[in-house]
S.K.: 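The structure under discussion is supplied below as structure tokens; questions concerning it will follow.
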Amino acid sequence: MKRNLKVLVLIALFAAASCSFTTKSFDNPDKDKLLVDLITYVLDRYHYDAKEVNDDFSEQVFEEFIAALDPAKRYFLESDIKEFAKYKDQIDEQIANKEITFFDMAHERMLQRIADAQEIYQEVLREPFDLDQEEELNTDYEELDFVKNKRELKERWRKQLKLSTLATLYDKVEEQNKKLEEGEEVEEKSLAELEEEAREITKDAMEEYFEFTEDLQRKDYFSVYINAIVMEFDPHSYYLAPLDKDRFDLQISGQFEGIGARLQKKSGEIHVTEIISGGPAWRGEELEEGDIILKVAQEDETMATPIVGMRLEDAIKLIKGPKGTKVTLNVKKKIDGSVENIVITRDVVELEETYAKTAVLDKEDRKFGVINLPKFYFDMQDYKERNAASDVRDEIIRLKEQGVEGLVLDLRNNGGGSLKTVVDIAGLFIKEGPVVQVRSNGEDGQVLSDRDDSILWDGPLVILVNEISASASEILAAAMQDYERAIIIGSKQTYGKGTVQNVVDLNMAARNTDFGDMGALKITTQKFYRINGGSTQLEGVKSDVVVPDRYSYVDVGERDLNDPLPWDKIAKADYKKWDGYIDFKENIANSKARMAQNSQLQLIDEYAQWIRKKRDESIWPLSWSGYKARLEKNDAEAERFKALEDYNSSLTFKSLSHEEALFANDTILKEKRERWHEDLAQDVYIEEAINVLEDMKLNNIRRRELAAVKD
């Protein structure tokens, strides 16, 4: 599987992301050299399993950097790679000598090849594609060689552009046929006319694509080079340039200070793509989705700064700002094209989708609660301000006030977060005791424990996981499994990330320099272990009840990355299993039996296998008849899976009363919650989790209560 450096680069360099916090480094070569020196020093001293920087290391960095710059092999020529190859075993020496010659050469050549590609796509898209020509394209780019010359390069671009155009053409033909079948009055267009429209859409997409590449500076590419070095140590260590550090903080805390709008650059203009519910712009009700921001002025400025043509990140820096400050936006309104000034007072903007959310349902005179936790977030400036543990605590208290008799904690797709919040959340479900063990290289394991002997929730508990549940999610699921405190329902195993990262501020190591902000390094410093002594690294957490999902046959785990740390184990911690259930294993067996007979899950398993099969099909026909036949075959095969969308458990979910009170003034939040509740009703995993809670409630008498009856 492609290592995730390539994914980062595709996002950082070429994706038209709505918030576009592009990876940043530096334009000053002396600063670049210092950065390389600082990072390799920190890695060597603090990484959990520091690698020797030698010729083998150099070759790996070389391959990954080239693959990151040109993953689809549509820029560099074979001659470029041969020219670069003289540095293949010299990067280690360049690091030691603070040299960046290889990077400089690759960067300059990349700019040249991008300019070549811009000429190529414009030339190719001027003329119609031959839709009858029998040819094909291999989209498994790792199998391809670099082209030998510009003629072959143009041919590779032509085929890729033709495939993109065919995809749009197919949609246009289907749309037209549907309207004609439904009796709509439409101007029926020929295939040639629709091809021209599809080709124009491809051209627009390419213009937008290259608009982003033109905004990139040398420092952007240098960050890619740095991360080719850093991620050779392990998949989860990487460099955070100054703006990426801000983005990382935002992901961890779920909040930032600004106006509360998502922006995107299109044709040189800064467009508002979303107004964030609850933020200053949302409260002001003047700035709207689709508006174009022309100029920006701070409250102490008399002249506004034009931002048309400005890099998106530079425009964002002008618009964002500390809580309580004012910014004036000169805006072209979408609705009528008028231009007006809008004054917004910046504030803390919370991204609602980051935070825990809760639903309650009634089933046969019993109430059950569902808490969805997207990540283990916390405020990096003040842990007590807001964190996942305190929010989950508050939600449980509210659910108890509603009289719920069982709780589902949904950790599916939760990629992790704060280790402290894991320990605090685990403490809500156990009296006291160890939650996780953490070990630095060469040291004994340190046990992190819940030391509060109170239990907030002592009722039945089910935890949902999948292959994307990682890191902190795995710690919590593993602890609850080892205590036999919860039944884990989900994928065969979770992601398998058993490492701990810390963020090192590189400015602390680069004092007394005039280079400005050096950014930070996210570095793997520890591994964590279950309280039973086993690591979750690579192995993940095995669910008590295994159910298929769409990821079942896709390589998405830690073991599918390059250079993951190995699995191992240490001595178990001192803990006692939860004494609150009887027939615990019988409940698991009952759930497995139900799942084995569930036709919805059988169809999901078949769908997952079909997805894997389609992912492996990399050869695409480029004639209209061949492409159309492939898509029609896919559509026919997919028809039987539409039943998955029709499934409904007949369970009805609703928000808690405190949240329903917000809906009158926040229709966006109301719509989001209604959509979530509908998804829950169609979720077979949630349905089974409720079934398990019913079993645990009906069939399980807590041992201490049973003992009290006997006494």
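The basis for the numbers below is simple: all heavy atoms, side chains too, and nothing from hydrogens, waters or symmetry mates. All values reported here derive from a predicted model rather than from experimental measurement.
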S.K.: Could you give me the CA-CA distance, side-chain angles and deciding distance for Arg393 and Leu456, then say whether side-chain contact (heavy atoms from CB on, under 4.5 Å) is met?
M.R.: CA-CA 8 Å; Arg393 171 184 289 274; Leu456 181 61; 3.8 Å; yes
S.K.: In Å, rounded to the nearest 0.5 Å, how long is the span from CG of Leu476 to OG of Ser469?
M.R.: 10.5 Å
S.K.: Please report the interatomic distance CD(Glu674) to NZ(Lys654), rounded to the nearest 0.5 Å.
M.R.: 14.0 Å
S.K.: For Lys159 and Asn138, does a side-chain donor sit closer than 3.5 Å to a side-chain acceptor?
M.R.: no
S.K.: Using the rule given for side-chain hydrogen bond (donor to acceptor under 3.5 Å, both in side chains), can you reason through Glu474 versus Thr494, listing the C-alpha separation, both sets of side-chain angles and the distance that settles it, and then say yes or no?
M.R.: CA-CA 7 Å; Glu474 296 174 285; Thr494 52; 2.7 Å; yes
S.K.: Let's go through Gln537 and Glu558 carefully: what are the C-alpha distance in whole Å and the side-chain angles of both, what is the deciding distance for side-chain hydrogen bond (donor to acceptor under 3.5 Å, both in side chains) to 0.1 Å, and is it a yes or a no?
M.R.: CA-CA 8 Å; Gln537 178 66 10; Glu558 181 88 358; 3.2 Å; yes
S.K.: Measure the spacing between CD of Gln160 and OG1 of Thr165 and express it to the nearest 0.5 Å.
M.R.: 10.0 Å
S.K.: Distance alone, cut at 3.5 Å: any donor-acceptor contact between the side chains of Ser473 and Asn414?
M.R.: yes
S.K.: Are Arg673 and Glu352 within salt-bridge range, i.e. N to O under 4.0 Å?
M.R.: yes
S.K.: Please check if any side-chain donor atom of Glu395 sits under 3.5 Å from a side-chain acceptor atom of Tyr355, or the reverse.
M.R.: no
S.K.: side-chain contact (heavy atoms from CB on, under 4.5 Å), that's the test. Do Lys363 and Thr652 meet it? Break it down for me.
M.R.: CA-CA 8 Å; Lys363 185 182 181 185; Thr652 302; over 6 Å; no
S.K.: Please assess Asp568 against Lys527 for the test salt bridge (charged side-chain N to carboxylate O under 4.0 Å, His left out), listing each intermediate value before the final yes or no.
M.R.: CA-CA 10 Å; Asp568 61 343; Lys527 289 177 74 174; 2.9 Å; yes
S.K.: Below 30° counts as parallel, above 60° as perpendicular, anything between as tilted: where do the rings of Tyr170 and Trp624 land?
M.R.: tilted
S.K.: Could you check if a side-chain atom of Leu631 sits within less than 4.5 angstrom of a side-chain atom of Glu174, using non-hydrogen atoms only?
M.R.: no
S.K.: For Arg386, does the CZ atom have more than 12 heavy-atom neighbours from other residues, nucleotides or ligands under 6.0 Å away?
M.R.: yes
S.K.: Does the side chain of Thr499 pick up a donor-acceptor pair with the side chain of Gln501 at under 3.5 Å?
M.R.: yes
S.K.: Around atom NZ of Lys542, are there more than 12 heavy atoms of other residues, nucleotides or ligands at under 6.0 Å?
M.R.: yes
S.K.: Would you say the side-chain atoms of Arg485 and Tyr581 include a donor-acceptor pair closer than 3.5 Å?
M.R.: yes
S.K.: For Tyr483, is the OH atom crowded, meaning more than 12 foreign heavy atoms sit under 6.0 Å from it?
M.R.: yes
S.K.: Take a 6.0 Å sphere around NZ of Lys672 and say whether it holds more than 12 heavy atoms from other residues, nucleotides or ligands.
M.R.: yes
S.K.: Would you please classify the geometry between the Trp620 ring and the Tyr627 ring as parallel, tilted or perpendicular, with 30° and 60° separating the classes?
M.R.: tilted
S.K.: Is any side-chain N of the basic residue among Glu353 and Arg262 closer than 4.0 Å to the acidic one's carboxylate O?
M.R.: yes
S.K.: What do the steps show when you test Glu688 against Ser591 for side-chain hydrogen bond (donor to acceptor under 3.5 Å, both in side chains), and what is the final call?
M.R.: CA-CA 7 Å; Glu688 177 57 20; Ser591 179; 2.7 Å; yes
S.K.: With rounding to the nearest 0.5 angstrom, report the CG to CG distance, Leu601 to Asp605.
M.R.: 8.5 Å
S.K.: Check the pair Glu197, Lys172 against salt bridge (charged side-chain N to carboxylate O under 4.0 Å, His left out), reporting the backbone distance first and the verdict last.
M.R.: CA-CA 9 Å; Glu197 292 181 2; Lys172 282 187 164 294; 3.2 Å; yes
S.K.: Assess whether side-chain contact (heavy atoms from CB on, under 4.5 Å) is satisfied between Asn532 and Tyr575, documenting all intermediate values.
M.R.: CA-CA 9 Å; Asn532 70 10; Tyr575 70 99; 3.8 Å; yes
S.K.: Does a side chain donor of either Thr421 or Asp424 reach within less than 3.5 Å of an acceptor in the other side chain?
M.R.: no
S.K.: Quick one: pull up CD in Gln255 and CD1 in Ile276 and give me the separation to the nearest 0.5 Å.
M.R.: 12.0 Å
S.K.: Given the rule in the side-chain contact (heavy atoms from CB on, under 4.5 Å) test, do Leu644 and Ile604 qualify, once you have shown the distances and angles that lead to the verdict?
M.R.: CA-CA 7 Å; Leu644 294 174; Ile604 289 173; 3.5 Å; yes
S.K.: If you round to the nearest 0.5 Å, how far is CD of Glu671 from OG of Ser277?
M.R.: 9.5 Å
S.K.: For Phe248, enumerate each residue passing the ring-ring contact (aromatic ring centres under 6.0 Å, His included) test, keeping only those at least two apart in sequence or located in another chain.
M.R.: none
S.K.: Using a strict cut-off of less than 4.0 Å between a Lys/Arg side-chain nitrogen and an Asp/Glu carboxylate oxygen, indicate whether Arg615 and Asp555 qualify as a salt bridge.
M.R.: no
S.K.: Check this for me: does any side-chain nitrogen of one of Lys178 and Glu175 sit under 4.0 Å from a carboxylate oxygen of the other?
M.R.: no
S.K.: Can Lys357 be said to sit on top of Trp676's aromatic six-ring, NZ or CZ under 6.0 Å from centre and within 45° of the ring axis?
M.R.: yes
S.K.: Assess the residue pair Lys670 and Glu660 against the criterion (salt bridge (charged side-chain N to carboxylate O under 4.0 Å, His left out)); give the C-alpha distance rounded to whole Å, side-chain angles, the decisive distance to 0.1 Å, and a yes or no.
M.R.: CA-CA 8 Å; Lys670 181 181 179 182; Glu660 288 185 333; over 6 Å; no
S.K.: For residues Leu166 and Leu622, report the shortest heavy-atom separation together with the two atoms involved.
M.R.: CD1-O, 3.6 Å
S.K.: Between the side chains of Asn466 and Asp549, is a donor N or O closer than 3.5 angstrom to an acceptor N or O?
M.R.: no
S.K.: Take a 6.0 Å sphere around NZ of Lys614 and say whether it holds more than 12 heavy atoms from other residues, nucleotides or ligands.
M.R.: yes
S.K.: Is a side-chain N or O of Gln176 found less than 3.5 angstrom from the main chain of Lys189, in a donor-acceptor match?
M.R.: yes
S.K.: Stepwise, does the salt bridge (charged side-chain N to carboxylate O under 4.0 Å, His left out) test hold for Glu639 with Lys642?
M.R.: CA-CA 6 Å; Glu639 187 69 28; Lys642 287 186 177 180; 3.3 Å; yes
S.K.: Under the side-chain hydrogen bond (donor to acceptor under 3.5 Å, both in side chains) criterion, do Tyr685 and Asp410 qualify, and how do the steps go?
M.R.: CA-CA 10 Å; Tyr685 313 104; Asp410 190 352; over 6 Å; no
